[in-house]
Amino acid sequence: MSACVPARADSARTKHIHPPHSPPPGGPRRFRLAGADVSAAIAVFLIALPLSLGIALATGAPLQAGLVAAAVGGIVAGRIGGCPLQVSGPAAGLTVVTADLIQHYGWRTTCAITILAGLAQLGLGCLRVARSALAVSPAIVHGMLAGIGVTIAVAQLHIVLGGTPQSSVPDNLVALPAQLANLHPADLAVSVLTLTLLLLWPRVPGRAGALLGKLPAALIAVAGATAVASLTGLLLPKVDLPSWSSHALATLPDGPVLGLLAAVLTTTLVCSVQSLLGAVAVDKLVTARPAPAGHVKRSNLDRELLGQGAANIVSGSLGGLPIAGVAVRSSANVAAGAVSRNSTMLHGVLVVIAALLMVPALELIPLASLAALVMAVGLKMVSLNHIRTVTRHREVLVYAVTTFGVVFLGVLEGVALGIAVAVGVALHRLTRTRITHDHVEGVHYVHVRGQLTFLAVPRLSRILHQVPPGADAAVELDGSFMDHAAYETLQDWQKTHTAQGGSVDVTGRRPGTRISEPAEEDGCRCRPWTPWRNHQCERPPKAPPPGAHGQAATDGSTGGSTGGTPGTATGPNAPGTRDTAGASGAPGAPHPPGGSGGADGPTGHELARGISAFHRNTGPLMRRELARLAREGQQPSQLFLTCADSRVVTSMITSSGPGDLFVVRNVGNFVPLPGEESGDDSVAAAIEYAVDVLKVRSITVCGHSGCGAMQALLGAEHEGARTPLQRWLRHGLPSLERALPALDAHANEPEQEQEQEQGQEPEQGPEDGRSRPLPAGRGHLDAAERLCLANVVQQLEHLRAHDSVAQALRAGDLELHGMYFHVGEAQSYLLSEDAEGGVFALVPTTDLTARAPDRLST
């Protein structure tokens with residue numbers, strides 16, 4: 001045993017004050033409250049106060065119950081929940097459920113149901129099933145919220161008109177004519193004033209609007225209506241907050257067991273789904289913030305479910321409304337710059353203070369003003385954006401059924417109907433397959449759109465047998481699933497058709513999707529943009545099949561056979577598949593050098609195989625787009641001037657497609673100055689054509705790391721250039737002159753470091769007024785890389801010397817951009833002209849498809 005290892009007895013008696021190999025703790029952690037959290041808490045509090053009272057009014061619960069739920073949601077759910085910036089409290093999405101519970105069971109039993117729902121949420125959180133709730137179709141969730149919004153708006157309309165709402169939407173609609181005939185002018189006037197302020201406050205123009213817009217419109221609307229009602233002395237019902245000593249608390253649930261279980265299930269479902277979807281939406285909002293003040297962790301959905309359950313238990317025990325995550329308050333919290341859960345908790349503390357100290361002020365609020373506020377919130381829950389989204393995804397039937405079910409039957413019944421319809425729609429899509437047959441230029445195309453299951457086998461077989469024997473056929477699979485029955489049907493037909501002298505080309509969405517025998521399944525499945533030399537899909541040579549004519553192709557290529565259709569073996573061992581290496585892609589594909597299969601010409605072999613892969617995989621997908629471009633002509637938006645280096649693939653590093661870029665490539669990405677001696681007609685002609693004829697909106701000069709032209713420019717003798725390459729490199733001399741001071745400084749870096757160590761000031765390089773561009777965030781650069789960056793900036797100056805470019809720049813029709821691509825790191829940098837010295841900034845990785853999440857509820 002090593003001497004440095006303590007004996008067991010000694011180690012057992014050793015007590016570590018702190019973990020080994022760790023520094024001692026620095027004492028108790030001090031509570032810190034960021035200024036952004038304070039301002040965010042105040043903003044959320046000003047929104048939550050009137051909405052909590054309004055939602056309590058809409059449910060028929062005691063008004064204090066809304067304040068209790070807001071405070072508990074902020075403090076308990078904010079402290080325990082898994083989404084730090086989500087604000088919980090009484091939500092409009094729970095209004096209909098809670099109002100129905102109060103009407104059937106009374107307020108105290110409703111509080112008990114809230115407690116039981118919280119216990120159910122705790123159980124679900126412990127089972128870690130939070131992610132499963134996200135499996136509910138968004139069309140069902142949006143339809144449920146829209147139905148709840150309609151129910152809220154119709155009920156609150158009666159209070160706006162000075163009446164009393166009924167128990168259901170049909171009853172409210174039936175009673176509406178009588179209410180219109182007996183409306184109360186004072187209630188209507190206060191409601192109209194509230195709605196007007198709510199609508200116009202965010203639209204105040206100018207600098208004053210930007211300043212006043214920081215105050216929430218809901219607070220201004222209620223405060224303005226309250227002030228007008230108090231100053232004019234209008235007689236109308238107002239908020240009545242009884243003493244906290246008489247506040248009703250929960251009691252043992254009283255009612256039928258099945259009814260209570262359904263109530264608990266409904267409350268649990270609505271609270272959980274709304275909170276979890278809200279947490280996901282908050283994550284998207286935080287990610288989309290332009291400049292976050294601090295790092296915010298992503299939501300832990302299981303912990304969020306535990307926090308919501310604990311909050312509902314506490315809220316129900318204290319006589320509060322059911323609690324869920326609230327999208328409006330959460331959005332305001334994120335927009336105000338909150339950086340931690342302290343903002344949510346502080347907002348709850350402010351609600352407690354208001355409930356204890358601001359009772360006289362709260363009792364001045366007219367009920368009609370709160371009803372108008374809640375009615376506006378309900379109408380916003382019917383989102384046109386949601387309707388457009390579900391229509392675009394062909395789920396409008398699910399949305400409509402859920403909405404009408406919630407409005408006329410109830411929340412649980414409406415959601416159940418929506419789920420049933422969503423399952424039916426999914427089954428319909430799974431079994432619906434469109435199979436068409438077209439005959440174009442001697443080739444029979446069979447297009448399968450949808451999922452190929454056994455239910456589509458009869459139609460598939462009927463269409464396939466419409467292809468004449470011996471004809472060229474192409475089967476295009478436009479789906480992601482094929483079961484065994486459909487696979488065998490297609491494979492059997494393929495064998496029969498090729499045995500009769502025909503050819504079959506099976507293509508799919510994904511590269512490598514095809515139908516073939518198991519022996520042929522080891523074909524090319526390499527990813528897109530894989531270099532030829534890295535393809536691991538070579539096959540060993542094999543003997544020609546019995547009955548095949550001509551000489552057998554080597555390297556697994558069947559493209560050189562003379563019997564049958566070019567690119568297709570005719571024997572029974574190769575049933576028409578075009579997946580073999582070589583020129584086996586389409587009739588007329590070019591044969592490799594050597595004339596008999598490519599054994600003597602590996603370069604031609606790779607080229608033909610690449611063309612074959614294009615015909616098989618990419619061509620069918622791009623045929624329509626390329627046909628459109630052929631009809632309309634090219635209309636590129638950019639001229640992209642880059643080096644001829646084979647490693648720089650412009651369409652890959654810019655994610656562009658056909659017709660996007662007008663590309664000019666040469667050694668060193670040079671733009672020669674116009675003139676008789678130094679000009680170059682080929683580059684100048686391309687620039688003139690792109691700017692004057694194609695009307696491109698921008699020109700990008702792109703350099704890259706490891707550029708051979710830059711290395712040759714550094715080491716070449718530029719006097720007496722005789723070869724074409726030497727004469728061409730002279731166009732890079734201005735770039736070399738621009739980079740010389742930076743290169744000298746780079747060469748003197750060891751001496752400067754030594755001088756700094758000795759306390760001396762390093763000697764500065766020469767100043768000629770030119771920028772020395774550098775890539776942001778990169779450290780040591782070699783001479784060739786510095787020259788490459790300087791070359792990009794220099795070629796941009798050369799571009800400005802061309803007449804067509806200068807005129808377009810003066811007219812504001814053209815932009816110039818510099819770009820640097822680091823090959824080894826696969827990183828792209830764009831030149832920031834605003835930065836001093838010319839900085840190439842790394843292009844960030846962003847989700848361009850992401851957008852701000854839809855608001856779920858209020």
Side-chain angles (χ1 to χ4, degrees), residues 440-446 471-477 494 497-498 502-517 519-542 544-545 548 550-571 573-626 649 651-652 658:
V440 180
E441 298 180 356
V443 180
H444 292 263
Y445 292 95
V446 177
D472 293 334
V475 180
E476 300 177 353
L477 303 178
Q494 186 180 27
H497 189 75
T498 54
S503 66
V504 179
D505 188 9
V506 181
T507 62
R509 286 191 174 206
R510 295 173 296 178
T513 302
R514 66 205 179 285
I515 302 297
S516 60
E517 287 188 347
E520 301 293 334
E521 283 296 329
D522 57 343
C524 176
R525 291 181 178 271
C526 295
R527 295 176 297 175
W529 304 111
T530 305
W532 287 342
R533 64 175 182 173
N534 291 337
H535 275 265
Q536 305 297 324
C537 51
E538 293 291 344
R539 296 181 181 175
K542 61 181 179 181
Q551 183 180 359
T554 59
D555 289 340
S557 173
T558 60
S561 61
T562 59
T565 304
T568 308
T570 58
N573 293 332
T577 60
R578 302 190 178 195
D579 208 37
T580 54
S584 56
H591 294 286
S596 61
D600 299 328
T603 303
H605 172 83
E606 292 171 342
L607 177 63
R609 186 177 60 191
I611 297 174
S612 171
F614 171 80
H615 288 164
R616 180 179 63 247
N617 302 324
T618 310
L621 302 179
M622 295 298 299
R623 189 172 292 123
R624 293 182 180 178
E625 179 67 15
L626 291 175
V649 185
S651 55
M652 179 178 68

Problem - Residue pair H444, H497: steps toward the side chain to side chain contact (heavy atoms under 4.5 Å, CB included) verdict - result: CA-CA 12 Å; H444 292 263; H497 189 75; over 6 Å; no

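Shown here for M622 and P658, the closest heavy-atom pair between the two residues is CE-CG, 3.6 Å. Smallest separation of non-hydrogen atoms from D472 and S503: OD1-OG, 2.7 Å. Nearest heavy atom pair, residue Q494 against residue V506, reads NE2-CG2, 3.9 Å.
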